[in-house]
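Worksheet: one structure, shown below.
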Amino acid sequence: MIEAIVFDVDDTIYDQQQPFKNAVNRVIPLVTEEDMKELYIRFRYHSDENFPKVMANKWTLEYMRAHRISQSLIDLDYPHITEEDGLHFQKVYEEELDNICMHEEVKRTLDYLQEKQIPIGIITNGPTDHQYKKVKQLCLEKWVPSERVIISQATGFQKPEVEIFKLAEKSFGFTAEKTLYVGDSFENDVVGSKKSDWHSLWFNHRERSLPDGEQPLFDMELTSFEQLFETIQSIF
């Protein structure tokens, strides 16, 4: 029986593609509307792939941020941009992130969980200041107490490492077999939570395919924000 729930933040609590799209339109207008979704997916891939190098002090955060947009553009056969251009994109992207808001179906779901007195937590990968700013912008502390928010850089661990899930269990007072993790990344959220013996809901609203060679480890899969409330309602 599931008794607690933990959420990812980026592209789970809010639609991360919109601020990304706004920043691309402002800085790299050459990108077509047809390529926007795939560019975003590549951007997330390079972010997840290379943030461990920042954690290991092999890359600076600034270099990783410039690289992820530059390499994503190259992947889609767009012209190379300089590191300076990449950092300008990051600056504009952060401006757009100042305007993020929680998806209405997520708010509805969190309200329901709060009403049912279901304990809620957050585990998110990324730089501490950057991710905490999103937590504040999304007003997540209305539903999730600050002591149940874990940001990877502050811990030295990151999803999909088992250690960050075990840290959450200890910090939040949750039991693995009774906890559900909800996140959009198969590699980070599904694989990490299942390796840690948690239940897993793959919030696959980008309708990504399973990575080559991977098995459908998740307990549940959703493909739209509109499915979230009724699914969580059926669990609790």
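Basis for what follows: all heavy atoms, side chains included, without hydrogens, waters or symmetry-related copies. Quick caveat, the model's predicted, so the values are computed rather than measured.
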Return yes if some donor-acceptor pair links the side-chain N/O of S196 with the main-chain N/O of G192 below 3.5 Å, else return no.
yes

Electrostatic pair E169:K166 at N-O distance under 4.0 angstrom
yes

Quick one: CZ on F186 to CD on E221, what's the gap to the nearest 0.5 Å?
9.5 Å

So does E161 pair up with K195, basic N to acidic O under 4.0 Å?
no

Same cluster or not: are L39 and F43 linked, directly or through other Ile, Leu, Val, Met, Phe, Trp or Tyr residues, by side-chain heavy atoms under 4.5 angstrom apart?
yes

Is L30 reachable from V92 through a run of hydrophobic residues whose side-chain heavy atoms are each under 4.5 Å from the next?
yes

Heavy-atom pair of closest approach, residues S152 and M55
O-CE, 3.7 Å

Are the side chains of R44 and D11 in touch, meaning some heavy atoms are under 4.5 Å apart?
yes

Between K107 and D111, is there a salt bridge with N-O shorter than 4.0 Å?
yes

Taking the side chain as every heavy atom from C-beta outward, state whether H67 and N50 have any atom pair closer than 4.5 Å.
yes

Report yes or no: do F203 and F229 belong to one cluster of Ile/Leu/Val/Met/Phe/Trp/Tyr joined by side chain heavy-atom distances under 4.5 Å?
yes

Does L73 belong to the same Ile/Leu/Val/Met/Phe/Trp/Tyr cluster as Y45, with side-chain heavy atoms less than 4.5 Å apart forming each link?
no

Is a side-chain donor or acceptor of D219 paired with a backbone partner of S200 at a separation under 3.5 angstrom?
yes

E214 versus L210, closest heavy-atom pair with distance:
O-CD1, 3.9 Å

May I ask you to decide if T223's main-chain N or O and Q227's side chain share a donor-acceptor pair within less than 3.5 Å?
yes

Kindly indicate whether the side chain of Q16, heavy atoms from C-beta on, has any atom under 4.5 Å from the side chain of D10.
yes

Going by heavy atoms in the side chains, are I81 and I69 under 4.5 Å from each other?
yes

Spacing of CG belonging to L228 relative to CD belonging to Q233, to within rounding of 0.5 Å:
11.0 Å

To the nearest 0.5 Å, what is the distance between CG on D189 and CH2 on W202?
10.5 Å

Got H80 and S70 here, is their nearest side-chain heavy-atom distance under 4.5 Å?
yes

Keeping Q114 on the side-chain end and K142 on the backbone end, is there a donor-acceptor pair under 3.5 Å?
yes

Between atom CG of L76 and atom CZ of R42, what is the distance when rounded to the nearest 0.5 Å?
8.0 Å

Consider only side-chain N and O atoms of Y14 and Q137, and report whether a donor and an acceptor are under 3.5 Å apart.
no

Quick one: pull up CD1 in I13 and CH2 in W143 and give me the separation to the nearest 0.5 Å.
9.0 Å

Which heavy atom of F51 sits nearest to which heavy atom of G126, and what is that distance?
CZ-C, 3.5 Å

For residues N22 and Y93, is any side-chain donor paired with an opposing acceptor at under 3.5 Å?
no

Salt bridge present between R108 and E104 (N-O < 4.0 angstrom)
no

Value rounded to 0.5 Å, distance of CD1 in I150 from OG1 in T155
7.0 Å

Answer yes if the side chains of Q131 and K134 hold a donor-acceptor pair under 3.5 Å, and no otherwise.
yes

Would you call F7 and I5 a side-chain contact if the rule is heavy atoms closer than 4.5 Å?
yes

Identify whether V190 and F225 are in the same connected component of the hydrophobic contact network (ILVMFWY, side-chain heavy atoms under 4.5 Å).
no

M102 and C139, any side-chain heavy atoms less than 4.5 Å apart
no

Please tell me if the side chains of R206 and Q17 come closer than 4.5 Å, counting only heavy atoms from C-beta onward.
yes

Is a side-chain donor-acceptor pair under 3.5 Å present for D75 with H46?
yes

Considering only NZ, NE, NH1 and NH2 on the basic side and carboxylate oxygens on the acidic side, decide whether E96 and K21 come within less than 4.0 Å.
no

Side chain to side chain donor-acceptor pair (under 3.5 Å) contacts in which one or both residues fall within residues 171-182, not counting sequence neighbours
K159-Y181

